[in-house]
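Since the structure comes first, as C-alpha cells, the remarks are kept for the end.
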Amino acid sequence: MEVKARAPGKIIIAGEHAVVHGSTAVAACIDLCTSVSLRFPSDSDNNDTLKLHFKDVALEFSWSVGKVKETLSHLGSPFPSTPTSCSVETIKCIAVLVEEQNIPEAKIGLASGVIAFLWLYTSILGFKPATVVVTSDLPIGAGLGSSAAFCVSLTAALLSFLDSVSLDTNHQGWLTFGESDLDLLNKWAFEGEKIIHGKPSGLDNTVSTYGNIIKFRSGKLTRIKSNMPLKMLITNTKVSRNTKALVAGVSERTLRHPDAMSSVFNAVDSISKELATVIESPTPDDLSLTEKEGKLEELIEMNQGLLQCMGVSHASIETVLRTTLKYKLASKLTGAGGGGCVLTVTANTNSS
Ligand SMILES: Nc1ncnc2c1ncn2[C@@H]1O[C@H](COP(=O)(O)OP(=O)(O)O)[C@@H](O)[C@H]1O
Ligand SMILES: C[C@@](O)(CCOP(=O)(O)O)CC(=O)O
Ligand SMILES: [Mg+2]
C-alpha cells in the first residue's frame, strides 16, 4: 500500500524572527510543495528495512527496523497518543543511527531532517518497515519553509495510517484532513520543526498545515481574508544558510541588548498588525488600492530595517534591495535571512 501526501511552503510577509519572541507575524502559503510517498512492503517481501530517500539532494538512508527498535524502544512507548517533544537523550540515540549512515560532509546540514524523520516515523507508526521518498519544488534552506513543508507532508502521510484520523473531503484530487485532525497534524509537525530549527515559533508549520494567509502570534493563528490583490516577486539569492543558527543569533543579540531588542520586536508587532489590517480592509476603488499599496510598501521597508537591526540581513540581500529600489519597488528578506529569499511587492498600480 502506498500513500502520497503534500504540503506547501510559505512566504513571511512580515514578522519573521520577532515572532519567535512573541510578536505578530503575517504569512501566506505558496504553490510550491513538498511531497512524501510512504509505501509498506507486502507480507511476501519479508523485508525488515526502513528506507528514506531525499530525492532533491540525492541521499538515501536505510536502517534495519530491528536496530532502530533496539536503539529507541527502551526510551519509552513508541506510540505516544499526543504529540511529544523529542528529549535530548532520544535525539542523541537517533543521532547515532544517523551518523552510521555516513552523510557526506557537504550535506551534513541535512542530518537534522533525518533525525526529525526518525522521531516522527517511530512515534506515529512505531517500528515498521517502509520506504519513504521525499521530493520538493521548494529550494531547501532558502527561507520558503522547506523544513515545515517537509514536517507537515511527512506527518500527514504517517497520520493517514491511523484509524482515528479520517480523511474525507476531496480537494483537487487530494483528500484533506478535518479541522481537529489538522490540529493534531500541526502539533506533530511542530515537534519535527523543533528538531530542525531549535526554537521555532510554529508559524511555518501552521501556515503549511492550514494554508491561505494567516496572522500568527504566540502559537495562535487568525485566518486573514485578503481584500486586495497581492502581487509579489520572490528572488532567491542562492546564498544558503541555516535557520537554526540565525534564530540562535537573534536570541544571543536579545540577551546582550534586552531593552533595545524588545523595542524592535514591539515595532515589528505593530507593523504586522497594521499590515494585516491593510490587507483585510475593503478596497472600494482604485484610489484606495493605490493608498493601500503605498502603505504596504512602506511597512515592508520598515520591517526590513528592523530585520537589519536584528542582524539577519546579508550582502546578497542588500544587493537585491538596491536593485529593486532602482525601480522604486519595496523589498524585504523573507524567512530567516542571512541569504535565502527576498520578497518584493510588485503593486498593480505602480507603473513607474
Ligand atoms: N526536500 C527535502 N529533502 C531533504 N531535507 C529537507 C527537504 N526539505 C527540508 N529539509 C530539511 O530542512 C532543512 C532546511 O530547513 P531550514 O534551514 O529551516 O530552511 P527552510 O525551511 O527555509 O528551507 C534541511 O537542512 C533538511 O534537514
Ligand atoms: C526566522 C523564523 O521566523 C522563520 C524561519 O523560516 P525559514 O526556515 O527560513 O523558512 C523562525 C520561526 O518562526 O520559527
Ligand atoms: Mg525552516
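All ligand and atom numbering here is 1-based and tracks the order in the structure. Computed from a predicted model, the values in this text were never measured in an experiment.
Counting non-hydrogen atoms of neighbouring residues, nucleotides and ligands closer than 6.0 angstrom, the NZ atom of Lys67 reaches no more than 12 such neighbours.
Leu233 and Val26 are members of different hydrophobic clusters when ILVMFWY side chains are connected at heavy-atom separations under 4.5 Å.
Under a 4.0 Å heavy-atom criterion, Gly143 is in contact with ligand 1. Ligand 1 is approached by Arg241 to a heavy-atom distance shorter than 4.0 Å. At least one heavy atom of Ile12 sits less than 4.0 Å from an atom of ligand 2.
Of all the heavy atoms of Thr243, the ones lying under 4.0 Å from any atom of ligand 1 are found in both the backbone and the side chain. Counting heavy atoms closer than 4.0 Å to ligand 1, residue Leu144 contributes backbone atoms (N, CA, C, O) but none from C-beta onward. At a 4.0 Å heavy-atom cut-off, ligand 1 touches Ala142 through the backbone alone. Only the side chain of His197 comes within 4.0 Å of ligand 2, judged by heavy-atom distances. Here His197 has side-chain heavy atoms under 4.0 Å from ligand 1, and that is the only part of it that gets that close.
The protein heavy-atom contact nearest to atom 1 (N) of ligand 1 is Asp56 OD2, 3.1 Å. Looking at atom 14 (C) of ligand 1, its nearest protein heavy atom turns out to be Ser146 OG, 3.9 Å. In terms of protein heavy-atom proximity, atom 13 (C) of ligand 1 is closest to Ile196 CG2, 3.9 Å. With respect to atom 7 (C) of ligand 1, the closest heavy atom belonging to the protein is Ile140 CD1, 3.7 Å.
Atoms of ligand 2 lying under 4.0 Å from at least one heavy atom of Gly335, given by number and element, are 6 (O), 9 (O). Shown in contact with Gly113 at under 4.0 Å from a heavy atom are these atoms of ligand 1, numbered in order with element: 27 (O). Which parts of ligand 2 touch Pro200 is read off a 4.0 Å heavy-atom cut-off, strictly below it: atoms 14 (O). For ligand 1, the atoms lying closer than 4.0 Å to a non-hydrogen atom of Ser136 are 1 (N). Atoms of ligand 2 found under 4.0 Å from any heavy atom of Thr243, numbered from 1 in the order shown, are 5 (C), 7 (P), 8 (O), 9 (O). Interface of Leu110 with ligand 1, defined as ligand atoms under 4.0 Å from a residue heavy atom, comprises 5 (N), 24 (C), 25 (O), 26 (C), 27 (O). Using a 4.0 Å cut-off to heavy atoms of Val19, the atoms of ligand 2 that qualify are 3 (O), 13 (O). The distance from ligand 2 to the heavy atoms of Gly145 drops below 4.0 Å at these ligand atoms: 10 (O).
Geometrically, ligand 2 and Lys10 share a nitrogen or oxygen pair separated by less than 3.5 Å. Checked by distance only, ligand 2 and Gly202 stay at 3.5 Å or farther apart across all their nitrogen or oxygen atoms. Residue Asp204 places at least one N or O, backbone or side chain, under 3.5 Å from an N or O of ligand 2. Considering both main-chain and side-chain atoms, Val20 never comes within under 3.5 Å of ligand 2 through any nitrogen or oxygen pair.
Compare Arg241, Met310, Glu16 by their heavy atoms: the one nearest to atom 9 (O) of ligand 2 is in Arg241.
No side-chain donor-acceptor contact under 3.5 Å links Lys10 and Ser208. Between the side chains of Ser331 and Gln304, no donor-acceptor pair of N or O atoms lies under 3.5 Å. Thr209 and Thr206 are not linked by any side-chain donor-acceptor pair at a separation below 3.5 angstrom, with hydrogens and angles left out of the test.
Not one N/O/S atom of Thr243, from backbone or side chain, sits under 2.8 Å from the Mg ion (ligand 3).
The side chain to side chain contact (heavy atoms under 4.5 Å, CB included) test with Phe177 singles out one residue from Val165, Leu184, Asn186, and that residue is Val165.
In this structure the side chain of Trp174 reaches within 4.5 angstrom of the side chain of Arg6, judged on heavy atoms. Between Asp204 and Glu193, the closest side-chain pair of non-hydrogen atoms falls below 4.5 Å. Residues Ser226 and Glu280 are not in side-chain contact: their nearest non-hydrogen atoms beyond the backbone lie 4.5 Å or more apart.
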